[in-house]
Amino acid sequence: MTKAATLYGVKTQTETLRPGPLRPANIIRNKFPTYKNGSNGIVIKLADGPEMPPLKEIVAKETADLLDRRQRLSVRELAMKFEKGLNTATLLSNEVKWRQVALLERDILLKNLKSVLESLRGQVTGKTKDEIEESISMVEILAVQLSKREAELLQQKEEVTKLAKSLKQASEDAKRIVEEERANAHTEIESAKNAVQRVQQAVQEHEKMSQSTGKQDMEELKKEVREARRIKMLHQPSKAMDLENEIRILRKTFAEKSTDCVNLLKELELHKRLKENGTPSFDLEGLQCLGSVLRIVALSGTHMDLSNISIQWFRIHPKDSNKEIISGATRPVYALEPHDVGRYLQAEIDVGGEIAVAKTAGPVDPDAGLVEYVETLVRKPETEFNVVVLQLNGIEQPKESVHVLNVGRLRMRLTKGKSVVAKEFYSSSMQLCGVRGGGEAASQAMFWQPSNDLSLVLAFETARERNTAIMLARRFAIDCNIILAGPGDKTPW
């Protein structure tokens, strides 16, 4: 027994001191099976270390984490993760290599142990031989288990190698994508810089142009501001009411003074006529200002029926005394229109072959504030007026329906709701003037002939609106090199 133990000890000592592949086994000696004497002799027991999860599970978990968070990572972070995964796979591959080396050395140790036990089996007998036989069987079982473990390690090594290759390829793809993105980013940055430079150049050019035109624009802005302030002041309720009261008082005073002057001039004219001949005398009744109606009255003190008497109205220029016939004005009543402002009006009455004359005492006066109001409306592209159609091509029309007359810069349009009654651009064939006949609403009526086959008589709400529409349309027509006048009018104003 002592000899066997001595030989066993010598055998192990020589094996441990033998150079070659057995030397690295000292590094992992704590993982080798330990031997201890039991009640039945020598018993082989594998060392129990901390339980480690299989390498396959570790790799699968890492791969799942990478796939789960790949959608939330940027290209750069994804590249870093692939690098980390590649390093992990390399470490795992190295660990597999070390384990394979350990298994190989364990196999060599088991073979040496088996050879020692077989040599001892031939030298011992009895109970010791049975124990050695049992030890040999245990060594064989351990060798079988180690061979299975080696096959599993080889399979894991192949999987780890495949994973390392895929991670390496993914890392290279990520690096390539990062480089492409970086190149695209540089390209976009360069294009943005170029765009900024172009914008800066455009701003500099605009500043240079604005400096040259800045003074002119500033003057125009100042004019617009002054005009806006004036309009705002006019539209303030208190000031507007004060202005209206002042205008009303001035109009009343002007009308009184005008009436007094007209009466004095009429008396002087009457005295002159009575001295010259005994022809019946006539006079014009009414205010001699735009918006009023002049009426022929007899001065003999007796009532005369003027409906069957031939009457003709004329305009007389105050400077050259040229007399122009007003075509269609053959009634005892005549409504003044904007063309009559600044001129004398004269009515010639044929009484039994003798011509009696009724003449205004002075030129027709304009309507106060009408010119300024029209100048304000000229700035608008279009102005609307509510009208009623009295006649259409000389035929009387029902007066219940209200139409809308639009006076624009290039044309005039008459509509009723969505339907268009008349629409025509300013032309030489168009005629526009006040109504030259009688009637109570003569001062509010206007004659409009858009074309040769259409003529209309329109009634406005007030005489002021009627005169405004006539003046505004003539102003726009003059801008189009067209002169709007009534039938038979030849002299442009």
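When a residue number appears, it is its place in the shown sequence, counting from 1. As the structure is a computational prediction, the values presented were derived from the model and not from experiment.
- Under 4.0 Å is where a charged nitrogen must lie from a carboxylate oxygen, and between Arg182 and Glu179 at least one such pair does.
- How far CG of Asp340 is from SG of Cys289: 12.0 Å, rounded to the nearest 0.5 Å.
- With rounding to the nearest 0.5 angstrom, the CG atom of Leu472 is 9.0 Å from the CE atom of Met412.
- Side-chain contact check for Ile177 versus Glu181: some heavy-atom pair is nearer than 4.5 Å.
- Between atom CG of residue Leu390 and atom CD1 of residue Ile395 there is a gap of 14.0 Å, rounded to the nearest 0.5 Å.
- The closest donor-acceptor contact from the side chain of Asn393 to the backbone of Ser455 lies under 3.5 Å.
- Residue pairs meeting the side-chain hydrogen bond (donor to acceptor under 3.5 Å, both in side chains) criterion with at least one partner in residues 463-472, sequence neighbours excluded, are Asp367-Arg464.
- If you take NE2 on His403 and OG on Ser419, they are separated by 7.0 Å, rounding to the nearest 0.5 Å.
- Interatomic distance, CZ of Phe476 versus CE of Met471, reported as 12.0 Å (0.5 Å rounding).
- In this structure, Lys162 does not pair ionically with Glu158, as no charged nitrogen and carboxylate oxygen lie closer than 4.0 Å.
- Arg409 and Val378 get closest at one heavy-atom pair: NH2-O, 2.9 Å.
- In this structure, SG in Cys433 is found 7.0 Å from CZ in Arg474, a value given to the nearest 0.5 Å.
- Inter-residue side-chain proximity for Val388 and Leu458 is flagged as unmet; no heavy-atom pair is nearer than 4.5 Å.
- A 4.5 Å side-chain heavy-atom check between Phe447 and Arg436 finds every atom pair outside the cut-off.
- Pairing each heavy atom of Gly408 with each of Tyr426, the nearest pair is O-OH, 2.7 Å.
- Taking all atoms of both residues into account, the shortest heavy-atom contact from Cys480 to Leu410 is SG-CD2, 4.0 Å.
- Put simply, the side chain of Val293 does not reach to within 4.5 Å of the side chain of Leu336, judged on heavy atoms.
- Met430 is not listed as a side-chain neighbour of Ile482, based on a closest heavy-atom distance of 4.5 Å or more.
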Step-by-step salt bridge (charged side-chain N to carboxylate O under 4.0 Å, His left out) determination, Glu152 to Lys148: CA-CA 6 Å; Glu152 292 177 358; Lys148 292 181 180 180; over 6 Å; no

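- Arg475 places no side-chain N or O within 3.5 Å of a backbone atom of Val374 that could act as its donor or acceptor partner.
- No side-chain donor from either of Gln397 and Gln391 sits under 3.5 Å from a side-chain acceptor of the other.
- Side-chain contact between Leu392 and Leu454 is present, with at least one heavy-atom pair separated by less than 4.5 Å.
- Between Lys223 and Glu227, the closest side-chain pair of non-hydrogen atoms is not below 4.5 Å.
- Closest of all the heavy-atom pairs between Val457 and Ala445 is CG1-CB, 4.4 Å.
- Side chains of Val389 and Val421 form no contact here, defined as non-hydrogen atoms less than 4.5 Å apart.
- Taking both residues in full, the closest heavy atoms of Gly291 and Ser443 are given as O-CB, 3.9 Å, listed atom of the first, atom of the second, then distance.
- Although no hydrogens or angles enter the test, the distance criterion places no donor-acceptor pair under 3.5 Å between the side chain of Arg315 and the main chain of Ile326.
- Among all heavy-atom pairs drawn from Pro450 and Leu456, the shortest one is CG-CD1, 4.5 Å.
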